[in-house]
Each structure stands twice: as structure tokens, then as C-alpha cells.
Amino acid sequence: MTTDVPAVVARLGEDFLAQVYGRTYRHFPGEPDRFAGLLDWDDLNALLTHHRLEPPRLRLSAGGEALPQHAYSVPVTTRRSTVWHRLKPAELHRHLAEGATLVLDAIDELHPAVGHLAQELERHLRTGIQVNAYASWTPEEGFGVHWDDHDVLVLQLDGAKRWRIYGPTRQAPLHRDTDVPEPPPNEPLVELVLNAGDMLYLPRGWWHAVAASEGVHSLHLTCGMQTTTGADLLQWLSEDLRRETTVRSDLPRFGTEEEKADFVRSLGDLVMKEFEDGTLLDRFLAMRDATDRARLAPSLPYVEGVPPDPALAVHLVTARARLHRDGEGRAVLTAGGEEWTFSPQVAPLLSLLVDGGRHRLDALARAAGLRVGQVAHLVSELVDGEVAAVGRAG
């Protein structure tokens, strides 16, 4: 059995975005095999075996502190005098058995199925996603009672883990903030156990503590969601307004009081004009989608362009591409900070790519009424723009 990733997104429910997202926690009970085929212990062992992973990408945490790397690895010097750290399985096992938690950051960049999950969540939530893996064996809390500066969706893959959730003590706290949240209350708001197949959503700023206290080991994924806040909007607006002479001008440090007041008033008028524009928020969010960082995906061996091979498959490597028509009806694709304009005939082809999945060149050609060679040329542009990748259809 393999995990149906779109079903994971669908499991959030139709009311999630409107009633839960950014507002409150939610527990999603599931069947034990719900995440079968996504990531298991053999997959984790293979990643640790075949990748040279250094802190903080791979780390062991105990009592809220990271263990020193030398406690579970040994430096290896190559004949070219470069140094890397090789895991010592016996020491790794010992520290984990004594209560440490194993953390592997950005596992979505290392494991295809988890990467697919991250992209589907990005497409649904319209925000960047990073997935970390956590493995633990004892009731020791690897991180103590803490809060995160981003929302999380937790997928319990194997075993069980007890979550104590205390709620927030500061509304919408930030990593860079003016104040720190007050400590949480002594008693949790809710205490629950995540079993294999369960999911948990937790907004940022919610204090919580987690432990594998159920007598079994635990393996779970945490999908961290990039925040998009009012501070981000203001920062973008300050950059966008550089088109205005007043914004680019020096402050009237040595001017009269009247000159200073006029300058401040002019700035305020510019800002208020933007805030009174009902499209401001939509323009900002469209910009965020259009500049979403594409995922790393080379298209070897096709370094000289995409050949007109009907069996080749293409997919976008950004989940938040936007497709619209301009005033002349042409199809405009924005993705990864780039923009392409194509004839109206290409719109059905681009729509398939934006909706996700891998599509053969011949299928795309049929959708747009084009020759495979024409589609290959179009796809080559997107590959050169680093927003698409091609490979053999599997």
C-alpha cells in the first residue's frame, strides 16, 4: 500500500482553512496504515546510511539541548584532507535509548514521497512547507515545553507520542518580535496521544510538550508552514514604493519644522493611497506566489534542451505557480520569480502543469493541439527558468 498524498490534504476537511487554520488546534484520528508508503524505518535508515548529514540538518536533542556531534559520530579525513563526520551506530543507538530525540530537518528534500507531500500542502495552503522527521524512544522530552514560530501539521507514522498542549500566551508571536510570550500555565489545555495514522494541527505560538511515553518508539513528520504576516506586507510595500520620488529622497534632517511635517505628510499620503486600494492584499499575495522558491530538480541528461520525445514527462517544481490571461487573451505564467507569456492556445497545457502532477509531452501536446516538438521547446524554456523538470515517465 502507498500513501495517497492528495488524500492526506483532503483529510484536513473543507472547513480547515476557514475555521481552523491559524485559529485553533485540531486532532485528526486515522487508521494505523494511513501513512503506509510515505516514510518508514527502513527509509530513515537508508537516508542516514547514504547521506553525509551534518548538524543542524541531523541532530540529537535531549532536554532542549543539542548533543555535541562527536557524541555519536567520528570525524573522517579523506585523502584530499577534507573532513566529514561518520555516524557511529552503537553510540547513536545508546543516546537514543537514553532519551535523546533524533531530528532530520528538511527531509522533504531527501525523500521523494515526503517531497510530494510538501508540494501538495504548499498548493493547498499557498505557503512554503518544510518537513522535519522526529524519532524517539523514551518518555524524555527532547525539547521541553516550547512554542514554534510557525504553524505545524504533524503526521504520526509509527508508534505513539503523547502531546500536552497548553495554548498560546501571546497572539501571533514572531521569531523577531518586540516581546516574548509569557510562560504557559502549569496544566495543559488538552492532553492527547497521537497513534500511527493520526494527524495534529497546531497554530504558531501554542505551547506544547511531546514525549514517547506510551511504551513504544515513535516516528513522526512535522510539516512546518511559512508565515505570511502584516510585517511581510509592510516590508514589501516599503520596497514597492521606492518607485516614488518622496520615498527615495533623503529625510529633511536639517529642514524646518514645516518641511519635516510636509515630508511626513507626503509619505503618509503615499501609504494611505496604497491601503485604500482594494487590490493591495491580492497583489501582495500574488507576488508571494509568483516568487515562491522552486524546489531543486535538475533534468539530466537533457542539458541542451528537452528533446521531442513523447514519453518524457514534465512537472513544475513550484506548487504556487499562477496562470492568467492578459488583456490580449495570451496565457501568462508566473512562477519562481519569472514570467512567461504564451499564445492563448497554450493555456490548457499550462493549466495541467499548474494543477500539479507529471504529464507526458504527448498528453500536453494533445491538450493544446500542438506538435510534441513545440511542447518540448516550451518546456525547455521552463526548465531553463528552473521552474520545471523532465524525466522518463514512470
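Position 1 is the first residue of the sequence, and the numbers go up from there. Everything numeric here is computed off the predicted structure, so don't read it as measured data.
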Grouping I, L, V, M, F, W and Y whenever their side-chain heavy atoms are under 4.5 Å apart, do Leu316 and Leu117 come out in a common cluster? no
Can you tell which of His220, Lys161, His217 makes a side-chain hydrogen bond (donor to acceptor under 3.5 Å, both in side chains) with Ser136? Lys161
Quick check: do Arg283 and Met287 have side-chain heavy atoms less than 4.5 Å from each other? no
Assess whether side-chain contact (heavy atoms from CB on, under 4.5 Å) is satisfied between His124 and Leu12, documenting all intermediate values. CA-CA 10 Å; His124 183 63; Leu12 296 175; 4.1 Å; yes
Do His85 and Val74 have side chains that approach each other closer than 4.5 Å (heavy atoms only, starting at C-beta)? no
Does a salt bridge link Arg126 with Glu122, judged by any charged N lying under 4.0 Å from a carboxylate O? no
Exercise: identify the closest heavy-atom pair between Ala321 and Ala335: CB-CB, 3.7 Å
Considering only heavy atoms from C-beta outward, does the side chain of Asp179 approach that of Arg170 to under 4.5 Å? yes
Tell me if a side-chain donor or acceptor on Ser61 pairs with a main-chain N or O of Gly142 at a distance below 3.5 Å. yes
Taking atom types as modelled and ignoring hydrogens, do the side chains of Asp282 and Thr279 form a donor-acceptor contact shorter than 3.5 angstrom? no
CG of Leu270 to CG of Leu267: how many Å apart, nearest 0.5 Å? 6.5 Å
Value for CG (Leu349) from CZ (Arg366), rounded to nearest 0.5 Å, stands at 11.5 Å
Could you tell me the separation between the CG atom of Leu125 and the CG atom of Asp151, rounded to the nearest 0.5 Å? 9.0 Å
Using the rule that Ile, Leu, Val, Met, Phe, Trp and Tyr join whenever any side-chain heavy atoms are under 4.5 Å apart, tell me whether Leu153 and Val103 fall into a single cluster. no
Go through it in stages, so that I can follow the logic: the residues are Asp289 and Leu285, the test is side-chain contact (heavy atoms from CB on, under 4.5 Å), and I'd like the CA-CA distance, side-chain angles, deciding distance and then a yes or no. CA-CA 6 Å; Asp289 283 349; Leu285 294 174; 5.6 Å; no
Do any N or O atoms from the side chain of Asp355 and from the backbone of Leu352 form a donor-acceptor pair under 3.5 angstrom? no
Any side-chain heavy-atom pair of Arg320 and Arg123 under 4.5 Å: no
Quick check: Tyr201 with Phe16 (ring centres under 6.0 Å apart)? yes
Path from Met225 to Phe284 over hydrophobic side-chain contacts below 4.5 Å: no
Is a donor on one side and an acceptor on the other found under 3.5 Å between the side chain of Arg322 and the backbone of Val332? no
Quick one: does Arg248's side chain get under 4.5 Å of Thr245's, heavy atoms only? yes
Is it the case that the side chain of Thr256 and the backbone of Glu259 share a donor-acceptor pair, with hydrogens and angles ignored and the cut-off at 3.5 Å? yes
How about CG on Asp250, more than 12 heavy atoms from neighbouring residues, nucleotides or ligands closer than 6.0 Å, or not? no
For the side chain of Asp40 and the backbone of Asp43, is there at least one donor-acceptor N/O pair under 3.5 Å apart? yes
Please confirm whether the backbone N or O of Asn195 pairs with a side-chain atom of Asp198, one donor and one acceptor, at under 3.5 Å? yes
Just by distance, no angles: are the side chains of Thr222 and Asn132 close enough, under 3.5 Å, to form a donor-acceptor pair? no
Taking Pro56's backbone N and O only, do any of them form a donor-acceptor pair with Glu54's side chain (distance below 3.5 Å, no angle check)? no
Atom pair CD (Glu239) and CH2 (Trp236), whose distance is rounded to the nearest 0.5 Å: 11.0 Å
List, by chain and number, the other hydrophobic cluster members for Leu200, where Ile, Leu, Val, Met, Phe, Trp and Tyr join if side-chain heavy atoms come within less than 4.5 Å, directly or indirectly. Tyr25, Val152, Val154, Trp163, Ile165, Leu189, Val190, Leu192, Leu194, Leu202, Trp206, Val210
Applying the 4.5 Å side-chain criterion to the ILVMFWY set and letting contacts propagate, would Leu219 and Leu110 be lumped into a single cluster? yes
Side chain to side chain donor-acceptor pair (under 3.5 Å) between Trp84 and Thr78: does it pass, once the steps are laid out? CA-CA 8 Å; Trp84 64 282; Thr78 71; over 6 Å; no
I'd like to know if Arg57 pairs up with Glu109 as an ion pair, taking the criterion as any Lys NZ or Arg NE/NH1/NH2 lying under 4.0 Å from an Asp or Glu carboxylate oxygen. yes
Of Leu53, Leu58, Thr49, which meets side-chain contact (heavy atoms from CB on, under 4.5 Å) against Leu87? Leu58
Side-chain ion pair, Arg176 and Asp149, N-O less than 4.0 Å: no
Using a 3.5 Å cut-off and no angle test, enumerate the donor-acceptor pairs between side-chain atoms of residues 367-391 and protein atoms at least two apart in sequence or in another chain.
{"unit_1": "Gln374", "atom_1": "OE1", "unit_2": "Arg371", "atom_2": "N", "d": "2.8"}
{"unit_1": "Ser380", "atom_1": "OG", "unit_2": "Val306", "atom_2": "N", "d": "2.8"}
{"unit_1": "Ser380", "atom_1": "OG", "unit_2": "Ala376", "atom_2": "O", "d": "2.9"}

Out of curiosity, does Leu39 fall in the hydrophobic cluster containing Leu104 (side-chain heavy atoms, cut-off under 4.5 Å, transitive links)? yes
Any Asp232 side-chain heavy atom under 4.5 Å of Arg288 side chain: yes
Would you confirm whether Ser351, through its side chain, and Ala347, through its main-chain N or O, come within 3.5 Å as a donor-acceptor pair? no
On a heavy-atom basis, the closest approach of Pro173 and Gly205 is CG-CA, 3.5 Å
Rounded to the nearest 0.5 Å, what separates atom CG in Leu47 from atom CD1 in Ile107? 5.0 Å
Would you name the heavy atoms of Asp309 and Leu361 that are closest together and state the gap between them? O-CD1, 3.4 Å
Would the His315 and His359 ring centres measure less than 6.0 Å apart? no
If the threshold is 4.0 Å, N to carboxylate O, is there a salt bridge linking Arg243 and Glu274? yes
Would you say Arg23's side chain and Tyr21's backbone share a donor-acceptor pair under 3.5 angstrom? yes
Identify whether the distance between the nearest side-chain nitrogen and carboxylate oxygen of Glu31 and Arg34 falls below 4.0 Å. no
In terms of heavy-atom contacts, Leu44 and Ala135 come closest through CD2-CB, 4.4 Å
Stepwise salt bridge (Lys or Arg N to Asp or Glu O under 4.0 Å) check, Arg204 with Asp148: CA-CA 5 Å; Arg204 65 183 162 110; Asp148 297 314; over 6 Å; no
One thing to verify: whether Arg295 and Asp108 come together as a salt bridge, which I'm taking to mean a side-chain N less than 4.0 angstrom from a carboxylate O. yes
Beyond-backbone contact of Tyr72 with Lys88, side-chain heavy atoms, under 4.5 angstrom: no
Nearest 0.5 angstrom please: Arg330 CZ to Phe342 CZ, how far? 11.5 Å
Over all heavy atoms of both residues, which pair between Tyr134 and Thr101 is shortest? Give the atoms and the distance, please. CD2-CG2, 4.3 Å
Does the side chain of Leu364 come within less than 4.5 Å of Leu353's, by heavy atoms? yes
Hey, what's the ring geometry for Trp137 with Trp41, parallel, tilted or perpendicular (30° and 60° as the breaks)? tilted
Minimum heavy-atom distance between Val145 and Pro184, given as atom pair plus value: CG1-CG, 3.8 Å
Is any NZ, NE, NH1 or NH2 atom of the basic residue among Arg164 and Glu141 found under 4.0 Å from an Asp or Glu carboxylate oxygen of the other? yes
So, the side chain of Thr127 versus the backbone of Gln226: is there a donor-acceptor pair under 3.5 Å, distance only? yes
Tell me whether Lys273 is salt-bridged to Glu276, with the criterion being a basic N under 4.0 Å from an acidic carboxylate O. no
